[in-house]
Number of protein chains: 2
Amino acid sequence: MVTIKDIAKATGCSPSTVSRVIADNSRISEKTKQKVRAAMRELGYHPNLTARNLVARSTKTIAVIMPSSADTSLQNPFFSEVLRGIGSHLHSRQFSLLLASGATETEKFKEVERLVLGKYVDGIILLYSRLNDPILSFLKEQEFPFVMVGKPLQYTDDIVHVDNDNIMAGKDITEYLISQGHKRITFIGGATDLVVTIDREKGFETALTEAGLPVTEDEVIYTEFLKSGGREAVEKILKMKTKPDAVVVSDDLISIGVISTLEEHGLSVPGDISLASFNNIYFSEIIHPSLTTVDIRIYELGVESSKAVIKLCTDQKLDTKRIIIPHSIVYRNSVRAVE
Amino acid sequence: MVTIKDIAKATGCSPSTVSRVIADNSRISEKTKQKVRAAMRELGYHPNLTARNLVARSTKTIAVIMPSSADTSLQNPFFSEVLRGIGSHLHSRQFSLLLASGATETEKFKEVERLVLGKYVDGIILLYSRLNDPILSFLKEQEFPFVMVGKPLQYTDDIVHVDNDNIMAGKDITEYLISQGHKRITFIGGATDLVVTIDREKGFETALTEAGLPVTEDEVIYTEFLKSGGREAVEKILKMKTKPDAVVVSDDLISIGVISTLEEHGLSVPGDISLASFNNIYFSEIIHPSLTTVDIRIYELGVESSKAVIKLCTDQKLDTKRIIIPHSIVYRNSVRAVE
DNA sequence: CTGTTAGCGCATTCAC
DNA sequence: GTGAATGCGCTAACAG
């Protein structure tokens, strides 16, 4: 391997000079710079990143912590999309992206510990949130630079996080349904311990209440995310004395299952039941019917979270701990107006 | 930061002894091991991974190169799934996973160059293949340990790659369609410069030929992957003098678009047209109709490719350059038998 | 069994 | 402007 010393010898100058040329130090004459650079090219020199990181006491790499690899929610295109946003911005800032996971929560914790304590990464992005997450406590206790995508269950004012205003989003989409003449609306949510689910449902209820529509417990159904593909949810709906004329579904992915199950039971969307959901993943547009959904700008969630971690690891100030990405409704064909 | 020296001082022994304790060297007395470990715990010592990597001349991290982040194919759940397989196995072998990409091909090349020449990773997994890919030439020229997921366009016998037997898969699924009584079958493929597309189509043709069914050019349609969601493809079909009674689609994702477009035109799957495709992504099961598709075991593709790179960077022998993951057909509801 | 020495490849202080 | 010396934190000879 060709090192800084080799090219020092080749050019007849000292290693420190070479190092300065690499850093493009202004106190080096143009002449020697040229000479040194020529030698670097000829000998095929390339700086050893590990050595550099060691002295710099920084790796310029950010770890992204995914849900446990067993978690079925990983199937959600949401993750590829945030990852794309994160990767794109990190790269533009010359940072590397380390993808970390683990089969179990314990393994994941060990991995985070290894990376943080071993100073292998400068910052961390958490792509999920769990109640009483030991990783969270650990990171806080270490005062390690990290940000979370989504809303933390605890310490909300304390943890830097990038999120949508999901309460508002839930309210907005529900109001839209109401404005289209729907009166009997049911909410179908994913895992109940996810803040997104809770927030969106909260917005849903607010909208109903403000519109003077009744909110019965019956009107909220939770379903195992992905597992049944919303099958159970639909079965519950079918058993209702009066069926809803519209449903708000907390995730596009669940919508797919809901629609197909509905169809199997001879119910058409939006013919018999209107449906609106959240995320606006790629599929929402190509499936039939195309989904009216809240675009939460997943890519931007990724970009902003990486902007935030980079700020944190470079000791820059953040204006706020809670960074909100605006949402908007994409109107497509899963909702129809009733007279 | 607490280093090896600190705990050396604290225990009154030398740094090397501490280092040996970390490595659990057998020539250290149990007594001092205990003592040293106690000190490590008390002072909160953790080995600095960068320093360790520097002397080890290895980082135990593998870079996964994704398609350009602009590439729409990234939307394909295929990637999350291979990534999951790769991550899971790498982690089990104590390797880290660096996710690398770039906005353009040039940027991606620069990034790979930086990582390889900078010795920041021990090996590379390529998640795509492009004709005349400079990255490929570079890696080969550097004799850097890398494997590719999918079949390389060139140097097929020369590049370690993990793939399905897509020709066979194409043949199998087509034969199944034929066995169900279908006679006029059309192939709908994604990007024509992808070897998967080519191979699957090849298998398709073979099956037709062997069954004595005619193969006209007309029977093969290529569509922009994801872009139109198979819309164009369907429009071409609708213009045919005699419509096919079945289609083989080269990717589940395209199927979704094809089915929904077909429905918009009043054609039902499998009622009017049977459909079968490849990959068996999560959606295939929950959409309506559920897809009869070739399960290519995406997760395993990931696992095997990481097994292979690890072997390569640890100088182990590989039995073969071409590692084949077996496929199987998953029979669901998008195909019906005709009399 | 343990300590001493050296060095991984680079950046940075201090001299000149 | 440039060089010499020092150290980042760790491991690996070589001694003893």
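Every chain is numbered from 1, with letters handed out A, B, ... down the list of sequences. What you see is a predicted model, and the numbers here were worked out from it, not measured in a lab.
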At 4.0 Å (heavy atoms only), tell me whether [X] reaches a base, stays on the sugar-phosphate, or touches nothing.
X: G118(B); answer: nothing
X: S19(A); answer: base
X: R20(B); answer: base
X: R52(B); answer: sugar-phosphate

Test side chain to side chain donor-acceptor pair (under 3.5 Å) applied to [X] - qualifying residues, sequence neighbours left out:
X: D319(A); value: none
X: S80(A); value: S80(B)
X: T32(A); value: S29(A)
X: T314(A); value: Q316(A)

Applied to residues 46-58 of chain B, the side-chain hydrogen bond (donor to acceptor under 3.5 Å, both in side chains) test, sequence neighbours excluded, yields S58(B)-D122(B)
Steps toward side chain to side chain donor-acceptor pair (under 3.5 Å) verdict (N132(B), Q154(B)) = CA-CA 8 Å; N132(B) 295 324; Q154(B) 313 152 291; 3.2 Å; yes
When you check the gap from the basic side-chain N to the acidic O, do [X] and [Y] get nearer than 4.0 Å?
X: K307(A); Y: E304(A); result: yes
X: K110(B); Y: E113(B); result: no
X: R322(A); Y: D157(A); result: no

Here the salt bridge (Lys or Arg N to Asp or Glu O under 4.0 Å) pairs for residues 134-147 of chain B, sequence neighbours left out, are K140(B)-D158(B)
Salt bridge (Lys or Arg N to Asp or Glu O under 4.0 Å) pairs touching residues 78-94 of chain A, sequence neighbours excluded, are E81(A)-R84(A)
For Y155(B), the ring pair (Phe, Tyr, Trp, His ring centres under 6.0 Å) test, sequence neighbours excluded, returns none
Assert: residue with more 5' nearest nucleotide on DNA chain C, out of R27(A) and V18(A), is V18(A)
Assign each of S16(B) and S16(A) the nucleotide of DNA chain C bearing its closest heavy atom; nearer the 5' end lies the nucleotide of S16(B)
Min and max contacting nt of DNA chain C in 5' to 3' order, chain B heavy atoms within under 4.0 angstrom, are dC1(C) to dG9(C)
Contacted region of DNA chain D by chain A, from 5' end to 3' end of the hits, cut-off under 4.0 Å to heavy atoms, spans dG1(D) to dG9(D)
Residues of residues 32-47 of chain B with a heavy atom under 4.0 Å from any atom of DNA chain C, listed by number, are T32(B)
Worksheet entry | Test: K60(B) cationic atom under 6.0 Å from Y120(B) six-membered ring centre, within 45° of axis | no
Axis-to-axis angle for the helix from dC1(C)-dG16(D) to dC16(C)-dG1(D), ends of five pairs each, to 10°, equals 40°
